[in-house]
Protein chains: 2
Amino acid sequence: MPSSIEYIEKLRKSNLRPTKQRIKICEVLFNADKTFHFTISDLAKMIEVNANQKISLATVYNTIHAFEKKGYLKEIAINSSQTYFDTNTSNHHHFFDEKEKELIDLENDGLDPINIKKNIPGKIIKSVEVLVKVDVDK
Amino acid sequence: MPSSIEYIEKLRKSNLRPTKQRIKICEVLFNADKTFHFTISDLAKMIEVNANQKISLATVYNTIHAFEKKGYLKEIAINSSQTYFDTNTSNHHHFFDEKEKELIDLENDGLDPINIKKNIPGKIIKSVEVLVKVDVDK
DNA sequence: AAATAGTTAATAATGATTCTAAATTGTATG
DNA sequence: CATACAATTTAGAATCATTATTAACTATTT
Ligand SMILES: [Mn+2]
Ligand SMILES: [Mn+2]
Ligand SMILES: [Zn+2]
Ligand SMILES: [Zn+2]
């Protein structure tokens, strides 16, 4: 569990000023035992519970997008009314539980290697994401 | 290129009343030589160009969702401000051109078979979608 | 300590999608 | 065909996640 000082260094190295708000968001996101998936409103709730300070929703959005650009977070492609983010930035895939509206990691050892044979002239591959939608077995 | 009468039958078989609007939307979607990907606003423009009638946006939404439920269309998972649909309902995957905001089919023969080895207890797999994001090679 | 650029926060704006309720239409029935 | 009724369409309002605006605040540099 990194200390506040480590987040300050991390932020400075990324040319992001270490503000109270950004440090708090780092704590909420990166002090967890395990990586996790969240929406902005999930995160806002987590901050409320965890914090003695209030962070404006605009700041939460700005910070999350700044972190995403710096590679601290990944955005996950699903069709949902809300955007999902992931503190697990390793190369991996996802299950999406349609019932719980919840993402579950599908690590690379959970599926055969993905090998894209087709290519698009003049274009390079930026990412390959597998989304496995699941629902209750009934 | 199916005739209007065939769409009427198709709609009736699906318990959808064959209205002028639904038939027109069938024509725009299913008379094309090739399958294609579209957003609701794409489709609304196509109808405007193609049609001698105006279809309310609410009706376009209703119809597309009705068609999707009946399996005439697929919805595609990407992070975008707009939802994408596909008239190609076969099992296949996609490239997403970040620059053009355009989907390109990646048929099953364009990649090695996807084999999900992990499973989620109590849940069954509803779909497996691969999304390959591409951008200009520069 | 002052200057400066970066950041926050309240609030407004945006825009895709869904909702509402009244008018219209397709279909079944006599 | 005429009538009845449920399904559908429509314009417009509402919703809601996200982004924009901009004045106040703050971290950093000088
Ligand atoms: Mn983003
Ligand atoms: Mn849908
Ligand atoms: Zn993940
Ligand atoms: Zn497709």
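Values below: every heavy atom of this structure, side chains too, minus hydrogens, waters and symmetry copies. Each chain gets a letter, A, B and so on, in the order its sequence line appears, and its residues count up from 1.
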Joint hydrophobic cluster, A:Val136 plus A:Phe95, side-chain heavy atoms closer than 4.5 Å: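 No; A:Phe95 is not reachable from A:Val136 via cluster members.
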A:Thr83 OG1 to A:Phe38 CZ distance, which is reported to the nearest 0.5 Å: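 These two atoms lie 11.0 Å from each other.
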Gap separating the CG atom of B:Asn115 from the CG atom of B:Asp112, nearest 0.5 angstrom: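 One gets 11.5 Å once the value is rounded to the nearest 0.5 Å.
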If you compare every side-chain N and O of [X] against the phosphate oxygens of [N] (OP1, OP2), does one of them come in below 4.0 Å?
X       : N      : answer
B:Arg12 : C:dG26 : no
A:His65 : D:dT19 : yes
A:Gln21 : D:dT26 : no
A:Tyr61 : D:dT18 : yes

Mind checking [X] for me? I need base, sugar-phosphate or nothing, with any heavy atom below 4.0 Å counting as a touch.
X       : answer
A:Lys20 : nothing
A:Thr19 : sugar-phosphate
A:Thr59 : base

Cluster companions of B:Ile76 among Ile, Leu, Val, Met, Phe, Trp, Tyr (side-chain spacing under 4.5 Å):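 So far as hydrophobic clustering goes, B:Ile76 is joined with B:Ile78, B:Tyr84, B:Phe96, B:Leu103, B:Leu131.
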Could you state the [atom1]-[atom2] distance from [X] to [N], rounded to the nearest angstrom?
X       : N      : atom1 : atom2 : answer
A:Gln82 : C:dA16 : CD    : C1'   : 15 Å
A:Ile78 : D:dA17 : CD1   : P     : 14 Å
B:Asn79 : D:dA17 : CG    : C1'   : 13 Å
A:Ile8  : C:dG6  : CD1   : P     : 20 Å
A:Ile23 : C:dT7  : CD1   : C1'   : 13 Å
B:Lys69 : D:dA7  : NZ    : C1'   : 15 Å
B:Ile40 : C:dG15 : CD1   : C1'   : 14 Å
B:Asn62 : D:dG12 : CG    : P     : 17 Å

Return the nearest nucleotide to the side chain of [X]; candidates are [options].
X       : options               : value
B:Ala58 : D:dA17, D:dA11, C:dA9 : D:dA11
A:Arg17 : D:dT10, C:dA9, D:dT28 : D:dT28
A:Thr83 : D:dT28, C:dT8, D:dT18 : D:dT18

Close side-chain approach of A:Thr39 to A:Phe85, heavy-atom, < 4.5 Å: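 Answer no - side chains too far apart.
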Residue mapping more 5' on DNA chain C - nearest nucleotide basis, B:Pro18 or A:Leu57: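 First, find each residue's nearest nucleotide; the 5'-ward one identifies A:Leu57.
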